[in-house]
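For ligands, and for the atoms within them, numbers begin at 1 and follow the listed sequence.
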Amino acid sequence: MSDLTLYAAPMSSATPVACAIAELGVPCRTVMLDLAAGDQKKPEYLAINPHGVVPTLVVDGTPLFESVAIMQWLGGRYGVERGLWPAADTPERLTALSWTTWAYVSYGMLINVLNFSRSPHADAAWHHPPLAEEALRRLDAALERLDAELAGRPWLLGEAYSLADLIVACVITYSAYCGVPLERHGHVRGWLRRFYQRPAYLQTWGAVPPMV
Ligand SMILES: N[C@@H](CCC(=O)N[C@@H](CS)C(=O)NCC(=O)O)C(=O)O
């Protein structure tokens, strides 16, 4: 068992990682940073994460950053023995890596474009309605592909729930908060509803989101 410390902030990119840790039931110290107060830009934190953002998971003294890398590592290290992550050298491991990285990198990039081009939290000078429209169109097409993947099976890897579901579902939930419509994607909505029943989800977020 490694010594783990998670640097986090409430309702942030660190929350899916906290949820994964709760799902796995591994002991982990949590250090809550106050982002509004700028804790993440203090020299002592920049020494473990030069990007000055949460989350960072310090594993036996070595920092690991980027949520998706942290959760994929947690899967390999603790998930296999708990039946929550596919074993190395299985086709399911490849599927898990594909969809989880897709969610954070490809789908996540489109969420960022959407947010920069229309979010009230982004500088109004960056707002660009045609770009927002195009991002929404591409996000919808991406959801259609995820919906097709989930047709005929309850979870991303088949019959069994895994951390792959947790990782992808957290990104899709965040996109819904950003205003990406899910109505057209019934398999995605059914899968999210199943995920929100997980005790680890309820323990971390406290309530089922209204959008499904
Ligand atoms: N791609 C990164 C994103 C990390 C990130 O942007 N975290 C935000 C919180 S949601 C943060 O720490 N922001 C503080 C800041 O930018 O100063 C990850 O998934 O780990």
Side-chain angles (χ1 to χ4, degrees), residues 2 4-24 26 28-59 62-79 85 96-126 135 138-139 142 146 156 162-180 195 200-201 203-207 209 211:
S2 300
L4 304 180
T5 303
L6 176 67
Y7 289 82
M11 293 298 158
S12 70
S13 301
T15 314
V17 176
C19 186
I21 289 169
E23 188 74 75
L24 292 164
V26 289
C28 177
R29 217 170 292 111
T30 301
V31 178
M32 278 294 179
L33 301 191
D34 183 343
L35 299 184
D39 288 352
Q40 74 281 20
K41 307 297 183 206
K42 290 183 178 158
E44 56 271 30
Y45 186 68
L46 293 175
I48 61 164
N49 184 333
H51 308 293
V53 293
V54 292
T56 306
L57 183 70
V58 178
V59 182
T62 301
L64 172 60
F65 52 76
E66 286 297 329
S67 324
V68 68
I70 296 171
M71 291 186 283
Q72 289 170 343
W73 179 81
L74 285 166
R77 175 68 179 75
Y78 301 104
W85 192 249
L97 290 176
S98 297
W99 280 101
T100 55
T101 306
W102 169 85
Y104 269 86
V105 177
S106 303
Y107 190 85
M109 179 271 291
L110 291 170
I111 304 173
N112 286 338
V113 171
L114 181 67
N115 285 342
F116 278 119
S117 61
R118 71 167 199 183
S119 162
H121 305 296
D123 192 321
W126 303 338
R138 292 184 189 214
L139 283 158
L146 178 61
L156 266 176
S162 73
L163 286 191
D165 297 291
L166 181 157
I167 296 169
V168 179
C170 286
V171 177
I172 304 301
T173 301
Y174 173 63
S175 74
Y177 274 115
C178 298
V180 177
F195 169 60
Y201 180 87
Q203 181 189 323
T204 316
W205 269 274
M211 73 284 285

Do ligand 1 and [X] have nitrogen or oxygen atoms that lie under 3.5 Å from each other?
{"X": "Val54", "answer": "yes"}
{"X": "Ser12", "answer": "no"}
{"X": "Tyr104", "answer": "no"}

Notebook entry, point to check: Quick check: are there more than 12 heavy atoms from other residues, nucleotides or ligands sitting under 6.0 Å from NE2 of His121?
Noted result: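 Open.
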Next item on the list: Could you tell me whether the side chain of Leu4 reaches within less than 4.5 Å of the side chain of Val59, counting heavy atoms only?
Entry: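 Side chain of Val59 against side chain of Leu4, heavy atoms only: contact under 4.5 Å found.
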Side-chain donor or acceptor of [X] paired with backbone N/O of [Y] under 3.5 Å:
{"X": "Ser119", "Y": "Phe116", "result": "no"}
{"X": "Thr101", "Y": "Ser98", "result": "no"}
{"X": "Tyr45", "Y": "Val53", "result": "yes"}

Note to self: Any heavy atom of His51 closer to ligand 1 than 4.0 angstrom?
What the structure shows: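 Flag not set, His51 not near ligand 1.
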Item checked: Distance filter under 4.0 Å to Lys41 heavy atoms, resulting ligand 1 atoms ->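 Near Lys41, the atoms of ligand 1 are 15 (C), 16 (O), 17 (O).
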Notebook entry, point to check: Near Pro55, which atoms of ligand 1 are under 4.0 Å from a heavy atom of that residue?
Noted result: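 Within the 4.0 Å cut-off of Pro55, ligand 1 contributes 20 (O).
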Item checked: Selected option - heavy-atom contact closest to atom 11 (C) of ligand 1, from Leu33, Val17, Val53 ->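 The nearest heavy atom belongs to Val53.
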Margin query: Please compare Ala36, Ser67, Ala9 and report which has the shortest non-hydrogen distance to atom 20 (O) of ligand 1.
Written below: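 Among Ala36, Ser67, Ala9, the closest heavy atom to atom 20 (O) of ligand 1 comes from Ser67.
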Measure the distance from [atom] to every protein heavy atom, then report the residue, atom name and distance (to 0.1 Å) of the closest one.
{"atom": "atom 1 (N) of ligand 1", "answer": "Glu66 OE1, 2.8 Å"}
{"atom": "atom 10 (S) of ligand 1", "answer": "Ser13 OG, 3.0 Å"}
{"atom": "atom 14 (C) of ligand 1", "answer": "Gln40 NE2, 3.5 Å"}

Item checked: Residue pair Ser13 / Tyr174, side-chain donor-acceptor N/O under 3.5 Å ->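 No pair is found: no donor N or O on one side chain lies under 3.5 Å from an acceptor on the other.
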Next item on the list: Return yes if a side-chain donor-acceptor contact under 3.5 Å exists between Thr204 and Glu23, otherwise no.
Entry: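 Glu23 and Thr204 do not have a side-chain donor-acceptor pair below 3.5 Å.
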Check: By salt bridge (charged side-chain N to carboxylate O under 4.0 Å, His left out), which residues pair with Lys42, not counting sequence neighbours?
Finding: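 Only Asp39 meet the salt bridge (charged side-chain N to carboxylate O under 4.0 Å, His left out) criterion with Lys42.
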